[in-house]
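In what follows, every chain begins at residue 1, and chains take the letters A, B, ... in the order their sequences are listed.
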There are 2 protein chains.
Amino acid sequence: MLSSCIDHSPRRLAAAGSNTLGSGKTTSFHIALMAGVSQATVSRALRDSPLVSEATREKVKQIARDLNYHVDRSAAGLRSGQTRTLAVLLFEDDTIGDASVNPYFLSMLGHITRSAARRDYDVLVAFQQLSENWHQHYEISNRADGIILLGYGDFVSFDDKLERLRRDDAHFVVWGASAPGLDGRSVGCENRLGGEIATRHLLSLGRRRIAFFGEMDERCPEFRDRYDGYTDALNAEGIDIDPALQFDARGKESLGVQAVEQLLASGTQFDAIFAASDLIAIGAIAALHEAGLSVPGDVSVVGYDDIHAASCITPALTTIRQDPRAAAGALVDLLLTRIAGGKGDSRQLPPQLIVRKSCGSDKIKS
Amino acid sequence: MLSSCIDHSPRRLAAAGSNTLGSGKTTSFHIALMAGVSQATVSRALRDSPLVSEATREKVKQIARDLNYHVDRSAAGLRSGQTRTLAVLLFEDDTIGDASVNPYFLSMLGHITRSAARRDYDVLVAFQQLSENWHQHYEISNRADGIILLGYGDFVSFDDKLERLRRDDAHFVVWGASAPGLDGRSVGCENRLGGEIATRHLLSLGRRRIAFFGEMDERCPEFRDRYDGYTDALNAEGIDIDPALQFDARGKESLGVQAVEQLLASGTQFDAIFAASDLIAIGAIAALHEAGLSVPGDVSVVGYDDIHAASCITPALTTIRQDPRAAAGALVDLLLTRIAGGKGDSRQLPPQLIVRKSCGSDKIKS
DNA sequence: CTGAAAGCGCTTACAG
DNA sequence: CTGAAAGCGCTTACAG
């Protein structure tokens with residue numbers, strides 16, 4: 001029955017025939033055979049091409065459903081030159097001991113995936129050590145139409161690598177601080193404003209000796225921006241910046257613990273801590289508790305990111321929220337714009353203060 | 001220069017020639033041309049085939065590096081029938097309000113990705129609502145050599161869907177309780193043993209009125225197993241099971257909060273809580289604090305999973321650890337075994353008690 | 001609106 | 001150890 005047919009291409013016919021009779025996967029030729037149309041029409045119908053009549057489209061789709069047929073993406077990808085896949089590259093900071101990814105990026109990954117799915121794109125994930133070569137980039141750039149870089153940190157010292165990506169005409173966007181070579185490629189948060197808001201909140205509560213926990217390394221330009229916001233707020237109140245109140249800490253609890261220990265050991269007076277990330281803040285609170293200090297009784301603490309754990313700890317952490325859903329959406333939008341050949345604009349999302357328990361809600365006399 | 005050459009296939013030559021002269025991507029034909037070998041040899045050399053001499057392989061690889069050439073995975077996939085990609089499907093439990101993924105699965109995703117990368121496989125992620133149709137499965141099964149199902153819950157009521165996957169000869173493995181149709185496809189934790197260990201720990205601390213928070217729904221077979229372990233431990237001590245101490249709670253903080261409120265409202269005496277997940281435990285602790293109760297002073301709490309937040313909260317949560325790295329490794333191993341045509345065995349990983357602060361370390365008189 | 005044909009860039013028998 | 005050839009399953013000009 002299948003050998004009496006519409007498709008007159010002998011090779012195709014033989015293939016379809018043997019597949020149908022024996023084993024082998026279902027292809028668009030089988031659908032064509034059953035629908036009594038050409039394989040090209042099947043392809044068009046399945047892709048909702050306006051070049052196909054309503055009736056034909058429906059018939060083809062019904063048969064495809066019945067046979068549980070799905071387009072072979074490798075074949076489609078090869079032919080069209082598009083994978084309809086986006087790659088997300090997460091950088092692990094291996095300079096701080098065990099490799100680990102900030103939970104904030106993990107939740108962003110989820111939102112990116114949903115956002116991409118809505119646009120009919122799949123998401124490939126990869127983790128990469130900050131210190132590794134970027135070979136994987138090129139590998140992955142071969143499997144996706146574009147790349148989203150997360151947790152990459154400093155885009156200045158890695159500029160040569162980005163330059164190479166650009167030279168290869170790779171489509172990519174990054175989450176983080178905007179930098180010279182990143183026009184139309186970055187989505188971030190207004191970190192300076194976020195730092196200012198956090199610090200102003202502490203000031204409004206009467207805190208005056210506010211420590212800042214966050215590395216002033218060029219690898220963490222966002223921390224630097226938050227620090228600048230911190231000094232903005234302090235300056236606005238006419239408070240001198242005390243360098244003894246700044247402690248380096250990368251985004252990890254143990255570094256927050258460490259910073260508190262150093263601060264305590266230094267004997268410097270303080271009544272609040274602005275941590276450049278929630279992870280640091282969480283470590284700091286644990287260390288404060290350990291030292292017998294009350295939060296927010298003795299010390300107010302503000303974090304940054306609003307990761308899941310922030311709302312779970314006691315006291316619940318007041319923090320600056322960077323909306324991961326909005327961030328993910330903006331990243332995907334920008335990347336798809338670039339893939340489509342457009343230019344797109346970099347964006348800085350607004351930070352939002354989330355007041356919880358870790359600062360105290362009443363005015364406190366300094 | 002490139003037009004005087006080795007490759008005598010006119011079509012190929014023309015293509016390679018025009019690519020080299022004009023724009024277009026670098027292909028294995030370009031490498032072949034430059035290396036003075038056939039395209040087939042380039043393909044073999046790049047795949048480290050033993051059929052290629054050392055010298056030829058090195059020459060080819062060097063040229064490929066120089067030209068920043070990478071194999072087109074769509075073409076390779078189409079030809080070989082292998083994508084060298086694994087899909088991870090994360091189920092979101094949308095029956096409990098806002099869709100969200102347990103952080104435990106997110107961290108497992110990271111480990112799966114690393115594990116797969118070591119075996120030279122890429123990972124595709126997708127999130128799916130528990131209530132949605134599984135269309136996406138089929139879509140995704142077309143883009144990967146195999147699927148890992150995470151957070152899926154109950155494999156009994158979804159048996160027809162699994163049956164369909166099986167019928168389509170899809171390679172898949174699941175994280176969770178083993179079930180009849182899942183021989184050689186599941187990796188889980190010895191949940192009953194885990195429940196017993198958690199409960200025995202509480203008993204060893206002198207606790208006698210131990211509440212169990214965890215849904216007894218068929219969608220959560222793992223919770224059921226943990227409950228059985230709980231009753232095992234109680235029975236071994238000759239303690240009667242009091243149904244008034246069991247409260248339904250799905251894996252989410254707010255449900256833990258709710259369960260505590262119900263427990264308190266019921267007036268039932270209790271001195272400990274065994275929560276079937278860390279998320280529930282974290283919510284319970286917050287609610288206990290809210291009610292003015294001390295943890296572990298008044299109530300001891302044990303969780304399950306050992307998610308990141310468990311070690312961050314105050315008091316740090318004692319919990320049953322399911323090693324996500326080992327779990328991910330086992331899942332990937334099993335799936336690759338199946339993809340290779342082998343059978344493989346389901347595995348139950350050992351649970352491990354992590355003692356922290358939430359239970360108190362001293363004996364407590366009941 | 002539909003079909004015949006070409007060809008995307010590989011891998012893999014087959015032959016030597 | 002190497003090469004010539006076939007063909008994986010699609011999409012997309014091209015022609016009608």
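- Set against D:dG9, D:dG3, C:dC10, the side chain of A:T27 has D:dG9 as its closest nucleotide.
- Between the P atom of D:dC1 and the CD atom of B:E54 lies a distance of 10 Å, rounded to the nearest Å.
- The distance between atom CG of B:L51 and atom C1' of D:dG3, rounded to the nearest whole Å, is 12 Å.
- The backbone N or O of B:G344 sits nowhere less than 3.5 Å from a side-chain atom of B:R185 that would complete a donor-acceptor pair.
- Between D:dA5 and D:dC1, the distance separating the two P atoms is 24 Å to the nearest Å.
- Side chain of B:T113 to main chain of B:H111: no donor-acceptor pair is present (N/O by atom type, distance under 3.5 Å, no hydrogens or angles).
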**Q.** Contact pattern, 5' to 3', of nucleotides 11-16 of chain D - B, S or - by protein heavy atom under 4.0 Å
**A.** BBB---

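- When side chains are defined from C-beta on, A:T41 counts as touching A:R44, because their heavy atoms get closer than 4.5 Å.
- D:dG16 sits 16 Å from D:dT12 when the C1' atoms are compared, rounded to a whole Å.
- If you take CG of A:D72 and P of C:dG9, they are 17 Å apart, rounded to a whole angstrom.
- For A:L335, the side chain to side chain contact (heavy atoms under 4.5 Å, CB included) criterion is met by A:L86, A:I148, A:H171, A:V173, A:I339, not counting sequence neighbours.
- Atom CD of A:E58 and atom P of C:dC1 are 14 Å apart (whole Å).
- Phosphate contact (OP1/OP2 of C:dC10, side-chain N/O of B:Y69, threshold under 4.0 Å): present.
- For A:M108 against A:A327, the heavy-atom pair with the smallest separation is SD-CB, 3.7 Å.
- In this structure, B:R114 satisfies the cation-pi test against A:F127, with its NZ or CZ atom closer than 6.0 Å to the six-membered ring centre and inside 45 degrees of the ring normal.
- Residues B:V52 and B:A45 share a closest heavy-atom pair of CG2-N, 3.7 Å.
- What separates NE2 of B:H30 from P of C:dC8 is a distance of 11 Å, to the nearest Å.
- Salt bridge present: B:R119 and B:D333 bring a charged side-chain N and a carboxylate O closer than 4.0 Å.
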Q: Could you provide the dot-bracket string of DNA chain C, using ( ) for intrastrand pairs, [ ] for crossing pairs and | for bases paired to another strand, with Watson-Crick or G-U pairs below 3.5 Å?
A: |||.||||||||.|||

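- Of the side-chain N and O atoms in B:S53, none sit less than 4.0 angstrom from OP1 or OP2 of D:dC1.
- Across the protein-nucleic acid pair, B:L46 atom CG and C:dG9 atom C1' stand 13 Å apart, rounded to whole Å.
- Residue-level contact check: B:T56 touches the backbone only, with heavy atoms under 4.0 Å from sugar-phosphate atoms and none from bases.
- Following rounding to the nearest Å, A:R84 (CZ) and D:dC10 (C1') show an atom-to-atom distance of 15 Å.
- Across the protein-nucleic acid pair, B:K59 atom NZ and D:dT2 atom C1' stand 12 Å apart, rounded to whole Å.
- When atom types are taken as modelled, the side chain of A:S186 and the backbone of A:R347 share no donor-acceptor pair closer than 3.5 angstrom.
- The pair B:R143-A:D72 does not count as a salt bridge, with every side-chain nitrogen at least 4.0 angstrom from each carboxylate oxygen.
- When the P atom is used for both C:dA13 and C:dG9, the distance is 23 Å, rounded to whole Å.
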